[in-house]
2 protein chains.
Amino acid sequence: MGGRPARPRRRADGAASRARLLEAAGKLFASQGYAAVSTRALATAARVNLSAIGYHFGGKQGLYREVLRSLIADTEPLLGPAVEHLVAGVAAAAGDRARLADTAAWFVRHLLTSFLADGRMRWQMALMLREFHQPSEAFPMLLDERIHPLHDAVAGLVAAATGRAPAAPETRLLTAAVIGQCMAFGIARTVIWARLGWDRYTPERVEQIVQTVTPAVLAMLGLPRAAGEAPGAAKPQRGARGTRGARGAA
Amino acid sequence: MGGRPARPRRRADGAASRARLLEAAGKLFASQGYAAVSTRALATAARVNLSAIGYHFGGKQGLYREVLRSLIADTEPLLGPAVEHLVAGVAAAAGDRARLADTAAWFVRHLLTSFLADGRMRWQMALMLREFHQPSEAFPMLLDERIHPLHDAVAGLVAAATGRAPAAPETRLLTAAVIGQCMAFGIARTVIWARLGWDRYTPERVEQIVQTVTPAVLAMLGLPRAAGEAPGAAKPQRGARGTRGARGAA
DNA sequence: CTAATTAGGTCGAACGTTTGACCTATTCAA
DNA sequence: TTGAATAGGTCAAACGTTCGACCTAATTAG
């Protein structure tokens, strides 16, 4: 039985196997954890021979390290510019609390839609979470290249809004609260879904979350309701609402 | 020299082995995940023979299920009365926003100190988190007996504060945001510690978090600053702060 | 009172399977 | 031909589970 005729994909270039392995490993490690995923499951999911893991990455551990490394690289185009835009927005607001609110609202929306999207970011978030809880040798890298820049940028916003120093403990805690609030909807999605009767996130549902979280974050920071948010059908509110006090610039 | 004198621990009662197994398994499963913990590691940590797992729980899976079951029972005395107290407090406030704020502040403090304590609750939180992310067959039980009561109670507070219906999607999302914010400091503790230069939570540090999160939550809910919080040294604030609007009873 | 039996629990030693790492032969592109 | 990549297989170690022997405390029969 000569096996060779009509072979559409044979001798795939190694780069493709490598990439498939990285992608499949990311999903599997994120959803089941490092120890729960066998090299055979990895190879099967990536439609790659078992040896490819050893060949390309030196072993299971090397594959995991490389998954984390490429996670950082992958999220750069999504988070890097947003962080820069946030820093620039805070600087440009220059004490104008309405503009600060707009910048904050924009960033919250960006963060939430990134965190709750159904693409790569989904398992990347999960994988980061696992690193938070049981840090591997790659955790410091993740901290330096992803966490610190993000937190520093948001801390700048918080500092501008509260008038405290960016490095003050209160600023950093409030920063963590803001980011944590956005992440919570990604982390505890099964609970959120159960509470809301959802089975997954859709763009409309994410928008609902944005419309809920944005005013909350603005209130936490003592900022006025942003102009771009709540375009009408959002939250007319009954009589009881605070956080609307007339307070000009700082 | 008959064999029997001075035998400090012999014929250990099975209940003790069972309990030690449950305790050790809870910690190990929480910190490393189900698949990453071997039955041998379990038996060693519990200072119990390997066969005890099969004898008492039918196997590794049965042990895990029982760990989760006893988690629910263990957290009952801590969370059950708090939930009742919250519900009662919301009802007693009867539209008095200052009293509502006091109740909310009390509950936030209770939730945070519970979540961030260093005892059992630490690994219990972690284990719950793991269930959120990859629900096992025991997830519905956890949902019904721990999550729903807690969320329903907080939703009552949120509804009273915002004037929306307790079952409204916006209410439930805001509820998730409030609870998620408290949990975030437990989930991402490694990140928080790295940001603040901490190596662990102390009562003073938890108090700092309480003093940060409480005003944030009150602001999210549009409630006035609670009387019992910020007893003086908390946060004098510079000029820029909102959420202090004079608003009497509803 | 004594001796045999039962019940509850522990123990060490295996069971068969699966794991990650490794190895060699083979295949294809250049 | 050469070298990167794949296929298939072997290996020791570790996995969860099961088993029979064993121990002790309580119960029962005589």
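Please read these numbers as outputs of a predicted model, since none were measured by experiment. So you know, we letter chains A, B, ... as the sequences are listed, proteins then strands, and number each from 1.
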Quick check on contacts: within [range], what sits under 4.0 Å from DNA chain C by heavy-atom distance?
range                     : value
residues 34-50 of chain B : Arg40(B), Asn49(B)
residues 23-31 of chain A : none
residues 53-67 of chain B : Tyr55(B), His56(B)

Exercise. Which residue pairs pass the salt bridge (Lys or Arg N to Asp or Glu O under 4.0 Å) test with at least one member in residues 71-89 of chain A, sequence neighbours excluded?
Worked result: Asp74(A)-Arg120(A), Glu76(A)-Arg146(A)
Exercise. Could you give the CZ-to-C1' distance, from Arg20(B) to dG9(C), as a whole number of Å?
Worked result: 12 Å
Output all residues satisfying ring-ring contact (aromatic ring centres under 6.0 Å, His included) with [X], sequence neighbours left out; order by chain, then residue number.
X         : value
His85(A)  : Trp106(A)
His133(A) : none
Tyr34(A)  : Phe29(A), Tyr64(A)
Trp193(A) : Tyr201(A)

Exercise. With sequence neighbours excluded, what pairs up with Ala194(B) under the side chain to side chain contact (heavy atoms under 4.5 Å, CB included) test?
Worked result: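 Side chain to side chain contact (heavy atoms under 4.5 Å, CB included) check on Ala194(B) returns Leu143(A).
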With a cut-off of 3.5 Å and sequence neighbours excluded, list every side-chain donor-acceptor pair involving residues 184-191 of chain B.
| residue | atom | partner | partner atom | Å |
| --- | --- | --- | --- | --- |
| Arg189(B) | NE | Gly186(B) | O | 3.2 |
| Thr190(B) | OG1 | Phe132(A) | O | 2.7 |

For this session: Please check if any side-chain donor atom of Thr75(B) sits under 3.5 Å from a side-chain acceptor atom of Gln124(B), or the reverse.
Result: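 The criterion, which ignores hydrogens and geometry beyond distance, is not satisfied for Gln124(B) and Thr75(B).
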Seminar exercise, completed: Sequence neighbours excluded, the answer for salt bridge (Lys or Arg N to Asp or Glu O under 4.0 Å) partners of Glu137(B) is Arg65(B)
Name each donor-acceptor pair under 3.5 Å that joins a side chain in residues 172-183 of chain A to protein atoms two or more places apart or in another chain, with its distance.
| residue | atom | partner | partner atom | Å |
| --- | --- | --- | --- | --- |
| Arg172(A) | NH1 | Arg195(B) | O | 2.9 |
| Thr175(A) | OG1 | Thr171(A) | O | 2.7 |

